[in-house]
Amino acid sequence: LKQIFGSDHFFRRSLQLALPPTSRGKQPSKRQTPLFTMALPTMFRRMAAPVSAFAAGCLVAGPGNLTRAFGSTAAAETAKWDGKVMLDLCVVPIGSGVSVRKEVARAEKVLRDRQAAGKITCQLHAYGTNIYGDWDEVIAAVKETHEVLHNEMGVQRLSCSLRMGTRIDKSQTIQDKVNAVEDELKKNKQ
C-alpha cells in the first residue's frame, strides 16, 4: 500500500472519505462496496506505473465489477493469465528523410523472421504491425527491431508507440479479433 498510495494512512483516509458519512470509522459491511472515487486522482499521480483499465475498474467498483466482467467473483479468482499479449507496434525513424519504407521493411523483416521461427504472430497494417504471442517473445521482438534499426541501419533516433492488451476470459488471436468485427459488419448489413 505504501508504494501505491504513498502511505497506508493515505489509503485509510481515502477509504474513510469514500464511504458514506454514517459508516465512517466503522468496518465496511460485506454488502457495502467502498468507492475510491475521491482518492483516484491522487492515487494515479502517485503510482509509479500506469494501472490497466481493468485494474482501475476493479478499484473503483470493487467486487461488483468482477461480477459484471466474469459472471461471478469465483470465476474471476480462478482465471489465470496465460502470458499472451497482443501488441500494436509503430516504430518511426526520425531524421531519415521523408520516406521511411526501407527502415520499416527492415523492422518488419525482424518480426517476420521471428514469426517464421514460431515465436510470434504478426500482421502488417498501414501504420504499424500487430504482434501476438508470449509476453517475453513479443517484447524481445520489439527490442530487436530497435537494435537492428540503430545498429545495422544507423538510425539515430526512433519514436515508438505501443498499445497492448491482455485478457484472461478467453484466448483470441489477431485474426479472431478481425473476424469478430467482420462478422458484426455482415450482421448489420442484412
Side-chain angles (χ1 to χ4, degrees), residues 1-5 11 30 33-36 39-40 43-44 46-92 104-150 158-188:
L1 289 177
K2 286 183 181 180
Q3 187 177 16
I4 295 173
F5 294 101
F11 174 75
K30 289 183 180 179
T33 302
L35 298 176
F36 297 100
L40 281 175
M43 179 183 74
F44 285 135
R46 291 183 180 202
M47 293 181 85
V51 174
S52 70
F54 174 76
C58 291
L59 284 173
V60 173
N65 189 47
L66 293 176
T67 303
R68 283 189 297 281
F70 295 98
S72 75
T73 54
E77 291 168 3
T78 59
K80 300 282 186 217
W81 180 46
D82 62 359
K84 302 291 186 189
V85 62
M86 193 170 301
L87 182 140
D88 183 38
L89 171 67
C90 178
V91 179
V92 180
V104 170
R106 185 61 184 101
E108 187 66 22
K109 183 172 181 340
V110 167
L111 299 175
R112 289 187 183 185
D113 288 348
R114 285 181 166 267
Q115 179 171 286
K119 296 179 179 180
I120 61 170
T121 303
C122 63
Q123 184 175 358
L124 178 69
H125 57 83
Y127 282 95
T129 303
N130 291 321
I131 308 169
Y132 176 78
D134 182 68
W135 179 279
D136 293 335
E137 290 295 339
V138 170
I139 297 303
V142 172
K143 179 181 179 184
E144 188 179 351
T145 62
H146 281 254
E147 289 172 343
V148 165
L149 291 173
H150 283 307
L158 294 171
S159 175
C160 181
S161 300
L162 301 173
R163 290 184 305 158
M164 56 177 55
T166 58
R167 64 187 307 164
I168 62 172
D169 60 329
K170 65 180 180 178
S171 179
Q172 189 176 40
T173 66
I174 295 168
Q175 195 58 49
D176 292 338
K177 290 181 78 69
V178 172
N179 290 345
V181 173
E182 293 292 344
D183 291 345
E184 190 64 28
L185 287 169
K186 288 176 187 173
K187 286 181 198 175
N188 290 334

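All residue numbers in this chain count up from 1 along the given sequence. Values below: all heavy atoms of this structure, side chains included; hydrogens, waters and symmetry mates excluded.
Ile168 and Ala79 make their closest contact through CD1-CB, 3.6 Å (heavy atoms, listed as atom of the first residue, atom of the second, distance). The two residues Ala107 and Leu149 have their closest heavy-atom pair at CB-CD1, 4.1 Å.
Applying the salt bridge (Lys or Arg N to Asp or Glu O under 4.0 Å) criterion to Asp113, with sequence neighbours excluded, gives Lys109. Partners of Gln172 according to the side chain to side chain donor-acceptor pair (under 3.5 Å) rule, which considers only residues two or more places apart in sequence or in another chain, are Arg167. Partners of Thr166 according to the side chain to side chain donor-acceptor pair (under 3.5 Å) rule, which considers only residues two or more places apart in sequence or in another chain, do not exist here. Remark: Gln175 engages Asn179 in a side chain to side chain donor-acceptor pair (under 3.5 Å) (not counting sequence neighbours). The side chain to side chain contact (heavy atoms under 4.5 Å, CB included) search around Val148 returns Arg106, Val110, Glu144, Glu152, not counting sequence neighbours.
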- Message: With side-chain contact (heavy atoms from CB on, under 4.5 Å) as the criterion, how do Gln115 and Thr121 come out once you've worked through the C-alpha distance, each side chain's angles and the decisive distance to 0.1 Å?
- Response: CA-CA 5 Å; Gln115 179 171 286; Thr121 303; 4.0 Å; yes
Distance-only donor-acceptor pairs under 3.5 Å for side chains of residues 129-139, two or more places apart:
unit_1	atom_1	unit_2	atom_2	d
Thr129	OG1	Glu108	OE1	2.6
Asp134	OD2	Asp136	N	3.4
Glu137	OE1	Arg114	NH1	3.3

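Within the model, atoms NZ of Lys119 and CG of Leu111 stand 12.5 Å from one another, a figure rounded to the nearest 0.5 Å. Arg112 contributes atom CZ, which lies 9.5 Å from atom CD of Gln123 (distance to the nearest 0.5 angstrom). Taken to the nearest 0.5 Å, the CD1 atom of Ile174 stands 9.0 Å off from the NE2 atom of His125.
Checking each of Leu87, Leu89, Val142 against Met164 for a side chain to side chain contact (heavy atoms under 4.5 Å, CB included) leaves exactly one that passes, namely Leu87.
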